Amino acid sequence: MPVSSQAATTHRDELWMRKAIALAELGEGFVEPNPMVGCVIIKDGQCIGQGYHQRFGGPHAEIEALRSLNSPADAESATAYVTLEPCCHHGKTPPCSQALIDAKIGRVVIAMQDPFPKVAGGGLAQLRDHGIDVTVGVQEVQAKRLNAPYLKRLRTGQPWTIAKWAMTIDGRVATTSGESQWISGPQSRSHVHRLRGRVDGILVGMGTVLADDPMLNARLTDADGNPATPPRVAKRMIFSRGRLPPVDSKLVQSAKDIPTYLFTSPFVNPDERAQLESLGIICFAENDSLPDILGRCASGLPGQEPATNVMIEGGPNLMASLIGESADECLIDEIHAYVGPKLFGGATAPGPILGSGIAQLAQTPQFTLDQVDKFDDDVRLIYRRQ
């Protein structure tokens with residue numbers, strides 16, 4: 001039975017949009033708080049131009065794709081596939097909708113509308129008002145998954161929250177005596193550093209600061225083993241109801257080099273707090289709850305752009321605060337669980353989440369397995385909130 005023209009068009013649209021989405025993914029870690037966007041330009045069945053949003057404040061995907069053409073005239077009557085509605089306002093860059101109009105593009109296929117208030121359908125309307133054929137919704141599910149963190153921040157005023165832990169085969173994160181380094185192997189830890197290098201913030205509790213004295217920075221290497229610069233430097237955040245980090249801790253000693261924030265009680269010793277601030281720690285002594293802290297991140301902490309992704313590297317008690325007592329209270333959007341090839345046993349050996357727990361099965365937050373990776377004898381499981 002012959003394939004209909006409509007079906008063939010749909011197949012081609014999906015094929016090219018998948019290419020645009022693959023391009024968009026290259027911007028992960030570089031473009032936030034902007035969304036990741038990719039664009040390909042097709043004419044006579046051939047890809048004649050492509051681009052993606054490469055860095056925050058830089059040219060958008062449509063501009064990069066138009067600039068990649070052999071000649072500006074090649075854009076006339078071509079089809080542009082864009083993973084997100086073209087912007088129609090002057091922000092850090094001129095509007096992409098106008099650039100497509102000026103290039104005389106004949107058709108624009110868009111994966112999804114942009115809910116950002118200054119766009120929100122305006123780009124579509126502008127294109128159509130200038131006689132451009134516009135199709136919306138091709139590979140929409142995939143495009144929304146790609147930019148789920150951006151969409152959540154716009155929708156809720158909260159960042160995408162990634163919980164990370166390493167545990168043994170029997171689900172322990174430390175031995176009965178408290179030892180935890182190292183449960184996972186070098187490859188797993190290398191991937192943790194990659195994750196640190198693309199998120200906007202890393203949050204830990206005071207227990208982790210005292211037990212591990214972490215740096216919480218991304219230590220990356222290139223193919224030759226030389227130090228490499230991460231896409232972004234995550235702000236480091238400490239959540240404590242009263243105890244203050246030791247002055248000689250790595251986080252405090254490096255606070256003037258890497259933005260470091262302390263969220264604590266207004267009743268902490270003022271002299272000790274002043275000493276920490278003199279060493280570069282930025283203190284919020286306001287008894288902020290975890291949702292408050294995450295909301296501050298999404299709005300933009302002092303001197304920082306709004307945070308799209310925040311990684312939680314805290315211990316079992318901080319993780320317990322993140323899941324609350326029911327699915328409605330859960331603050332976790334994504335889990336990266338590294339399972340190392342060890343068995344600890346012991347009734348008192350902690351698991352990744354402590355606290356009082358959730359009493360009723362029906363109240364538990366539900367996650368979908370998104371990805372499985374093997375690193376030597378470790379396994380990484382990535383789950384996303386349903």
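It should be emphasised that the depicted structure is a prediction, and the values quoted were computed from it without experimental measurement.
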Could you note down all residue pairs passing ring-ring contact (aromatic ring centres under 6.0 Å, His included) where residues 345-386 supplies at least one of them, sequence neighbours left out? His191-Phe375
For the atom pair CD (Glu313) and CG (Leu195), what is the distance rounded to the nearest 0.5 Å? 7.5 Å
If you round to the nearest 0.5 Å, how far is CZ of Arg241 from OG of Ser321? 8.0 Å
Should the heavy atoms of other residues, nucleotides or ligands under 6.0 Å from [atom1] of [X] be counted, would the total exceed 12?
{"X": "Asn269", "atom1": "CG", "result": "yes"}
{"X": "Glu179", "atom1": "CD", "result": "no"}
{"X": "Lys144", "atom1": "NZ", "result": "no"}
{"X": "Gln371", "atom1": "CD", "result": "yes"}
{"X": "Gln386", "atom1": "CD", "result": "yes"}

Can you see which heavy atom on [X] is nearest to which on [Y], and at what distance?
{"X": "Pro149", "Y": "Thr308", "answer": "CB-CG2, 3.4 Å"}
{"X": "Trp16", "Y": "Cys47", "answer": "CZ3-CB, 3.9 Å"}
{"X": "Leu354", "Y": "Gly351", "answer": "CD2-N, 4.3 Å"}

With a 4.5 Å cut-off on side-chain heavy atoms, are Pro316 and Ile353 touching? no
Quick one, Met167 and Ile183 - any side-chain contact, counting heavy atoms below 4.5 Å? no
Flag, side chain of [X] to backbone of [Y], donor-acceptor distance under 3.5 Å:
{"X": "Gln54", "Y": "Phe30", "answer": "no"}
{"X": "Asp378", "Y": "Ser184", "answer": "no"}
{"X": "His193", "Y": "Arg219", "answer": "yes"}
{"X": "Asn147", "Y": "Met36", "answer": "yes"}

Counterpart residues, side-chain contact (heavy atoms from CB on, under 4.5 Å), relative to Gln181 (two or more places apart): Asp212
When hydrophobic residues are tied together by side-chain contacts of less than 4.5 Å, even through go-betweens, does Leu23 share a cluster with Met112? no
Do Val310 and Met319 share a hydrophobic cluster, counting only Ile, Leu, Val, Met, Phe, Trp and Tyr and linking them when any side-chain heavy atoms are less than 4.5 Å apart? yes
Side-chain donor-acceptor pair present, Thr168, Asp170, cut-off under 3.5 Å: yes
Sole candidate of Arg385, Arg384, Lys152 that passes salt bridge (Lys or Arg N to Asp or Glu O under 4.0 Å) when paired with Asp333: Lys152
If a pair satisfies side-chain hydrogen bond (donor to acceptor under 3.5 Å, both in side chains) and one of its residues is in [range], list it, with sequence neighbours excluded.
{"range": "residues 63-73", "answer": "none"}
{"range": "residues 270-289", "answer": "Arg273-Glu277, Glu286-Arg296, Asp288-Arg296, Ser289-Asp292"}
{"range": "residues 256-265", "answer": "Arg236-Thr260"}

If you measure from the Lys or Arg side-chain nitrogens to the Asp or Glu carboxylate oxygens, is any gap between Arg107 and Asp13 under 4.0 Å? yes
Scan the side chains in residues 116-128 for donor-acceptor partners under 3.5 Å anywhere in the protein, sequence neighbours excluded, and list what turns up.
from   : atom 1 : to    : atom 2 : distance (Å)
Gln126 : OE1    : Ser97 : OG     : 2.3
Gln126 : NE2    : Gln98 : OE1    : 3.4

Given side-chain contact (heavy atoms from CB on, under 4.5 Å), test Leu203 with Leu290 step by step and report yes or no. CA-CA 10 Å; Leu203 176 66; Leu290 280 173; 3.8 Å; yes
